[in-house]
Amino acid sequence: MMDKTFEPTSVEARISAAWAEADAFRAGRPERAGAPPYCIVIPPPNVTGSLHMGHALNNTLQDILCRFERMRGKDVLWQPGTDHAGIATQMVVERRMMEHQEPGRREIGRAAFVEKVWAWKAESGGAIVNQLKRLGASCDWSRERFTMDEGLSRAVLKTFVDLHRQGLIYRDKRLVNWDPKFQTAISDLEVQQIETKGHLWHFDYPVVDETGTETGAVITVATTRPETMLGDTGVAVHPEDERYTALVGKRVRLPLVGRLIPIVADTYSDPEKGTGAVKITPAHDFNDFDVGRRQGLGVINVLDPEGRMLLEGNAAFLDGTSPEPEALALHGLDRAQARKAVVALMEARGLLRATEANTHAVPHGDRSGVVIEPYLTDQWYVNVKPLAERALQAVRDGQTKFVPENYEKIFFQWLTNIEPWCISRQLWWGHQIPVWYDAEGSIFVAESEAEALEAAEAKHGRSVALTRDEDVLDTWFSSALWPFSTLGWPDSTPELGRFYPTNTLVTGKDILFFWVARMMMMGLHLTDRAPFDTVYLHTLVRDASGAKMSKSKGNVVDPLELIDQVGADALRFTLCALAVQGRDIKLSTDRVQGYRNFATKLWNAARFAELNGCRLDPAFDPRSATGAINRWALTEAARAVDEVTGALEAFRFNDAAAAAYRFVWNIFCDWYLELAKPVLQGEGVDPAIRAETQASVAFLIDQVAKLLHPFMPFLTEELWAIKGAELPERGLLTLASWPDLGGLADAAAEAEVGFVVDLVSQIRSARSETNVPAAAQIPLVMVGAAPEVRARVEAWRDTLLRLARLSDITFAEAPPKNSVQLLVRGSVAALPLEGVVDLAAEVARLKKEQGKAQGEIKKIDAKLGNADFVARAPEEIIEENRERRDSEAARLVKIEEALVRLSGD
């Protein structure tokens, strides 16, 4: 006997254990040796991480695809693993050391610190893996990988060495995003642009003649960063800006420093912005760095790695000039303090022309929270231009496609204008760069120290001491190898041969460039094949109002808390149902509760079936069913399977969920079981028809379990076990076959029962729209009914009277006066409502509602048609207006349908 209610907390752990015991998710199961392979590699979550709603969405969608393809008979490998997450993990461990009042990493040294990180990783670094299991992720957990596993580390070393030998990896002095707190370069992805209130200062720079004498003329520059002016090496104006044409080629004396710097013509300068003249500080601004290279300007760094002024003893800064003592006194000041001091010095000299309030985006480290500094350092780079061209060509050739397709355009834009990739990080946790230096600074790149020593000895003719580069590689470098390094590359393993290239990559749109593009580039360059055939990019999960979730806003929804409250199945189905391609998800906990009710509805239906003797009959052949409602339900089931299959194949997850929901809730639970009740419970029913209906209901519950399994694996696995208790040889649902209901479609049954369902549905809608009292029984008149329609209505008279709450059914050639008219599959039905409702009042009420809806649509259209509003309003506000318009438009359609019915047109 089934329990009265389905309790996820008591079922999920037991089901998970059964899957694990059966090795259900292991790739390469013997019975699938000849099956086509299907592979997804998990976007490896940070080893520091815990399950957030973005993970829940991402892994739910992957799991749906894996369970779907596994049920379709494929040999599925969902490759799991975690990322070492260099800076994030190092920060976590350093924070723990500080909390425990332990010596810092620099005090204990690199070896001891790295040992501590490994210990932490072993102790608590895999928490997210267990959380993914709670979500129901059907990964092959026996193959779990970590980006610093021995095999993956070997792949990283080989890649670095090979790319260096090919001239694609090199060392260069360039600007990087520098985090002064962590004192390392970071990637663009780790930089947050934060709107900050500041100032725009206008400074006068004195123009000098050929001899260096001030002419009395000045050029005014505007800057948000006065402290970096000490490193200026030029002033740029637009070539077509007539205000400055006569000054191009002349020089100015840099205030406080005395350095003579040129005025150059460069299109970077915007005549409409500020004064139209900009100071060029190549060492402290990415755009200035590019201008400096174009114009042949010097590069002078005036900050140290901690963001303090670096002036004394700075040969580049002094550069034969004699800075004012007050300027040299800024040495060692924090950049924020130096900013105030420079402004004060310029004002004291009468060179501060104006100060404007200015709000602008300032880059901050996403983990350190400090302002990021464009900083000039020696770093290792990959020349990705030739790699990018191959990735672009693979997309052009159709080797890899993007879903939604519009991301292809973004991919092309990024890779067409790609810059060298800075791959070195000044951290201790990560893959240490395989580079060694001798005392003269010669570079030896090798996969091991022994090989480097051998190369050094060959160069010098004797043994020499080498020092290894202290930097580690950007985390994205090892992640770029993930699709093939996890399968054993660079060795030619059986897994690599069978599962590479992989099939579908499911990931967030925010890492299209940082991860997807780099996997494409590395995969094509190193294996000569694109690493996946399809990239499905999902959007963000926002809160119910459309705002981005953040701890500071207090609007974060914890997926683990939801799983505790309503179960993993309800959360998974919600995320899938809301996953419209290209649209952010607005997650409402009410919606999740709604799908918990969906699970309860199915459980109750299965329990109803059990109480009414609906048990699986191995001898039952659904194609032999004769009862109209059974043939109709089987037809609808076949349709649902086709719709869900097609939607999943096209990555339309929301459509797949909608089709499954419609069949399970509307067709099976609401209509089929309701129509079957008289057969199952009535007296005098033909035993053969009752037995057939019992077998059909049990069969369809099995098909529902299969159909819903990718979305709701725990509930369906439990139903499968309960319903198949007498058939133990059939095993687990997760290894069962996807429903095959081909040949079950019955047009005659659909025409007969479908007509009854549509007629009752329309009567119910009309009653609701015209405010007919719920308990009132009303007559139905079939107008000009064809003989076959008349026969159908007579055959189902009792059912229609009961389900539509009708007092009588009659036939006429013309509709009665004051009746609501319905068009049902080409037949006209009329509901005489005179004396039941005030039809004139209803028409007036509906017209009033029509006017309100039309007015609301007009107001929203005016907003969305306002270019200024669209440009300024936050994304969630625009989306909210679009959704409101859709809602009002749908309401208007319903109102107008009701008016047509009442008018009799």
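Residue numbers count from 1 along this sequence.
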Next on the checklist: Walk me through whether Asp543 and Lys548 qualify under salt bridge (Lys or Arg N to Asp or Glu O under 4.0 Å).
Outcome noted: CA-CA 6 Å; Asp543 72 7; Lys548 190 172 180 179; over 6 Å; no
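- Between Arg29 and Asp23 the shortest side-chain heavy-atom distance falls below 4.5 Å.
- Without hydrogens or angle criteria, Asn46 side chain to Thr48 main chain gives no donor-acceptor distance under 3.5 Å.
- The number of heavy-atom neighbours closer than 6.0 Å to CD of Glu123, taken from other residues, nucleotides and ligands shown, is above 12.
- Side-chain contact between Pro531 and Met520 is present, with heavy atoms from C-beta onward closer than 4.5 Å.
- Minimum interatomic distance between Ser424 and Ile433 (heavy atoms only, all atoms of both residues): CB-CD1, 3.6 Å.
- Using a 4.5 Å heavy-atom threshold, the side chains of Val506 and Thr504 count as touching.
- Here the side chains of Glu718 and Arg14 are in contact, with some heavy-atom distance below 4.5 Å.
- When each of Trp118, Phe182, Trp120 is tested with Trp429 by the rule ring pair (Phe, Tyr, Trp, His ring centres under 6.0 Å), just one qualifies, namely Trp118.
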Item to check | Verdict with reasoning, Leu715 to Phe6, per side chain to side chain contact (heavy atoms under 4.5 Å, CB included) | outcome: CA-CA 8 Å; Leu715 168 67; Phe6 174 69; 3.9 Å; yes
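- Here the side chain of Thr527 pairs no donor or acceptor atom with the backbone of Leu524 at under 3.5 angstrom.
- Ile128 is listed as a side-chain neighbour of Gln131, based on a closest heavy-atom distance under 4.5 Å.
- Arg143 places a side-chain heavy atom less than 4.5 Å from the side chain of Glu495.
- Considering Trp738, Phe651, Trp78 as possible partners of Phe68, the one that fulfils the ring pair (Phe, Tyr, Trp, His ring centres under 6.0 Å) test is Trp738.
- Interatomic distance, CE of Met522 versus OG of Ser479, reported as 11.0 Å (0.5 Å rounding).
- Listed for the Gln432 side chain is a donor-acceptor partner under 3.5 Å among the backbone atoms of Asp469.
- Within the 3.5 Å criterion, the main-chain N or O of Thr400 finds no donor-acceptor partner in the side chain of Asp533.
- Looking only at side-chain heavy atoms (C-beta outward), Arg70 and Tyr38 stay at 4.5 Å or farther from each other.
- Residue Phe711 forms a ring pair (Phe, Tyr, Trp, His ring centres under 6.0 Å) with just one option from Phe598, Tyr595, Phe573, and that option is Phe573.
- Of the candidates Trp482, Phe484, Phe532, Phe484 is the only one forming a ring pair (Phe, Tyr, Trp, His ring centres under 6.0 Å) with Tyr500.
- For CD of Glu21, the number of neighbouring non-hydrogen atoms (other residues, nucleotides, ligands) closer than 6.0 Å is 12 at most.
- Put simply, the residue from Asn59, Asp63, Thr734 that forms a side-chain hydrogen bond (donor to acceptor under 3.5 Å, both in side chains) with Ser138 is Asp63.
- A side-chain donor-acceptor contact under 3.5 Å links Asn503 to the backbone of Cys39.
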Next on the checklist: Please evaluate residues Cys139 and Gln62 with respect to the criterion side chain to side chain contact (heavy atoms under 4.5 Å, CB included), reporting the C-alpha separation (whole Å), side-chain torsions for both, the decisive distance (0.1 Å), and the verdict.
Outcome noted: CA-CA 10 Å; Cys139 300; Gln62 290 176 84; over 6 Å; no
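- Counted within 6.0 Å of CD on Glu102, heavy atoms from surrounding residues, nucleotides or ligands total more than 12; the atom is thus considered enclosed.
- By the 4.5 Å heavy-atom criterion applied to side chains, His431 and His84 are counted as neighbours.
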Next on the checklist: Under the criterion side-chain hydrogen bond (donor to acceptor under 3.5 Å, both in side chains), I'd like the reasoning laid out for Arg390 against His525: C-alpha separation, chi angles, the key distance, then a yes or no.
Outcome noted: CA-CA 8 Å; Arg390 286 200 67 180; His525 185 75; 5.2 Å; no
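- Asp366 places no side-chain N or O within 3.5 Å of a backbone atom of Gln192 that could act as its donor or acceptor partner.
- With a 6.0 Å radius and a threshold of 12 heavy atoms from other residues, nucleotides or ligands, Glu470 has its CD atom at or below the threshold.
- Considering Thr486, Val47, Asp83 in turn, Val47 is the only one that fulfils the side chain to side chain contact (heavy atoms under 4.5 Å, CB included) rule with Phe146.
- Less than 6.0 angstrom separates the ring centroid of Trp19 from the ring centroid of Phe714.
- Aromatic rings of Tyr536 and Phe653 (six-membered ring for Trp) have centroids within the 6.0 Å cut-off, being under it.
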